[in-house]
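Note on naming: letters A, B, ... go to the chains in the order of the sequence lines (proteins, then strands), and numbering restarts at 1 for each one. Worth knowing before you read on, the calculation uses all heavy atoms, side chains too, and leaves out hydrogens, waters and symmetry mates.
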There are 2 protein chains.
Amino acid sequence: MSDDIPRPLRGRPRTMDPGRVLDVAMTAYWHSDPADVSVNAICQMAGISKPSLYREFGSEDGLSRAALDRYADQVLSEMFVILHGATGLRQTLDALIDFACDDPRMETGCLFYKMRAGRHRLGPDTRARVEEIDAAGQAAYASFLQAARDAGDWPAGLSVEAGAKYLGEQIALAITQRASGEDPARIRDMLTLALSVFTRP
Amino acid sequence: MSDDIPRPLRGRPRTMDPGRVLDVAMTAYWHSDPADVSVNAICQMAGISKPSLYREFGSEDGLSRAALDRYADQVLSEMFVILHGATGLRQTLDALIDFACDDPRMETGCLFYKMRAGRHRLGPDTRARVEEIDAAGQAAYASFLQAARDAGDWPAGLSVEAGAKYLGEQIALAITQRASGEDPARIRDMLTLALSVFTRP
DNA sequence: GACATAAAATACCATATGGTAACAAATGAG
DNA sequence: CTCATTTGTTACCATATGGTATTTTATGTC
């Protein structure tokens with residue numbers, strides 16, 4: 001994944017740190033909303049000029065896509081860890097509830113969900129990446145639920161596909177509600193209620 | 001509610017029909033997204049000039065607020081009818097599911113939910129109205145559920161308040177998913193699953 | 001020092017936005 | 001007919017956007 005760009009031998013040394021710029025962009029997109037953060041604003045926050053940014057990322061689409069990549073690596077991966085290290089249905093659902101409702105990083109919502117909600121405003125590359133992540137997430141939910149089903153615990157008359165979609169949407173809803181300042185206890189109650197369909201006869 | 005504006009005795013007769021303009025605006029906001037429709041575009045679609053619109057509605061906030069008012073009158077009222085004419089828990093939930101999943105008017109989503117999702121982008125008046133409608137909706141859900149609870153059918157350990165919030169959010173989710181082109185059958189399955197918590201022991 | 005090279009910043013472009021000043025046209029009152 | 005009144009339209013404003021042509025600055029090479 002690390003691009004190991006060959007540093008040139010001659011020329012003015014670069015002062016712009018792409019990683020730092022990406023951190024700025026990712027945080028701004030994340031804590032506010034991708035549609036409400038302009039490239040101008042990011043340049044100002046990062047203390048660089050616009051052409052510097054455009055040389056590195058090509059376009060706004062390139063920047064937002066790179067920011068989303070970084071977010072997937074640094075943040076979203078944790079959710080996949082929870083799913084892949086699943087021990088049992090109830091425990092893993094509880095872990096997901098804890099993550100969605102209590103993890104301080106999700107206090108201002110999830111960048112991926114924000115981008116997905118406003119995907120029609122994204123550039124083609126970023127949108128493609130959003131759909132990729134969405135599919136990966138759904139697959140992870142599905143394989144987790146399939147394992148639970150194989151282990152026995154499963155409500156009758158529910159397909160794994162439908163359950164995965166449902167689970168994903170309920171978690172997205174909870175995190176999105178956190179971003180909009182809902183009462184955390186209420187959110188937890190609602191998510192617990194929504195996911196109780198998996199663990200009740 | 002009808003403003004019965006006294007038509008002046010003198011002056012150029014008006015050709016602009018505020019109702020028609022509001023219909024154009026409401027439909028555009030509704031079928032696209034409030035944040036993606038400019039006043040310029042609305043003027044063009046309605047075939048009027050910008051100052052005409054601004055004389056009538058004062059500002060973009062005034063226009064969007066008026067459009068939301070009209071939407072509440074013409075569309076949202078139906079949902080309140082379903083709730084007030086509630087006959088039983090199961091039947092009314094089914095009616096809500098039908099409305100959310102099958103009503104052709106919700107095929108492109110719900111203007112109210114779209115505005116609520118992007119409320120931070122709205123002007124103060126429109127946002128205030130959104131919150132008003134939100135509270136009214138929640139109250140309607142609560143009184144419906146309270147009646148069901150009084151009638152006997154109610155899961156243990158669930159407050160009416162929490163149930164109302166949950167119900168409202170699940171319906172909002174379903175309608176929002178319709179707007180983003182999800183498979184209608186899948187949406188119905190998910191909403192049915194979500195609302196099954198009300199009707200299962 | 002002179003020069004190629006790469007990165008930086010300034011200053012700009014076209015476009016779009018919400019909003020308005022200034023003016024034209026259509027009516028009733030005198 | 002003249003004039004006030006009301007509406008409508010044209011043309012404009014300041015601001016912001018994504019994006020770029022141009023120039024300046026800092027380096028290694030010769």
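Contact annotation: Thr15(A) side-chain N/O to dA8(C) OP1/OP2 distance is under 4.0 Å.
If you take CZ on Arg14(B) and CZ on Arg55(B), they are separated by 8.5 Å, rounding to the nearest 0.5 Å. Atom CG of residue Leu195(B) and atom CZ of residue Arg200(B) lie 11.5 Å apart, to the nearest 0.5 angstrom. How far CD1 of Ile82(A) is from OG1 of Thr87(A): 11.0 Å, rounded to the nearest 0.5 Å.
Among the heavy atoms of the strands lying under 4.0 Å from Ser52(B) is at least one base atom, whether or not backbone atoms are also near.
Rounded to whole Å, the distance from CZ on Arg14(A) to P on dG28(D) is 16 Å. Between the C1' atom of dA7(C) and the CG atom of Leu53(A) lies a distance of 14 Å, rounded to the nearest Å. Here dT7(D) presents its P atom at 14 Å from CG of Asp17(B), a figure rounded to the nearest Å. We find that CD of Glu56(B) is positioned 9 Å from P of dT7(D), with the value rounded to whole Å. Atoms CZ (Arg10(B)) and C1' (dA4(D)) sit 5 Å apart, rounded to a whole Å.
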Could you go through nucleotides 16-20 of chain D and list every protein N or O atom that sits under 3.5 Å from one of its N or O atoms, giving the distance for each pair?
| unit_1 | atom_1 | unit_2 | atom_2 | d |
| --- | --- | --- | --- | --- |
| dT17(D) | OP1 | Ser38(A) | OG | 3.2 |
| dG18(D) | OP1 | Glu60(A) | OE2 | 2.6 |
| dG18(D) | OP2 | Val39(A) | N | 3.1 |
| dG18(D) | OP2 | Asn40(A) | ND2 | 3.4 |
| dG19(D) | OP2 | Tyr54(A) | OH | 2.8 |
| dG19(D) | OP2 | Glu60(A) | N | 2.9 |
| dG19(D) | N7 | Lys50(A) | NZ | 3.0 |
| dG19(D) | O6 | Lys50(A) | NZ | 2.4 |

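Side-chain contact check for Ser52(A) and Ser49(A): at least one donor-acceptor pair (N or O, by modelled atom type) lies under 3.5 Å. If you check the side chains of Gln146(A) and Asp150(A), you find a donor sitting under 3.5 Å from an acceptor. A donor-acceptor contact closer than 3.5 angstrom is absent between the side chains of Ser64(A) and Arg129(A).
The base of dG8(D) is paired with the side chain of Arg55(B) by a donor and an acceptor separated by under 3.5 Å.
Closest to the side chain of Ser49(B), out of dT9(D), dA26(D), dT5(D), is dT9(D).
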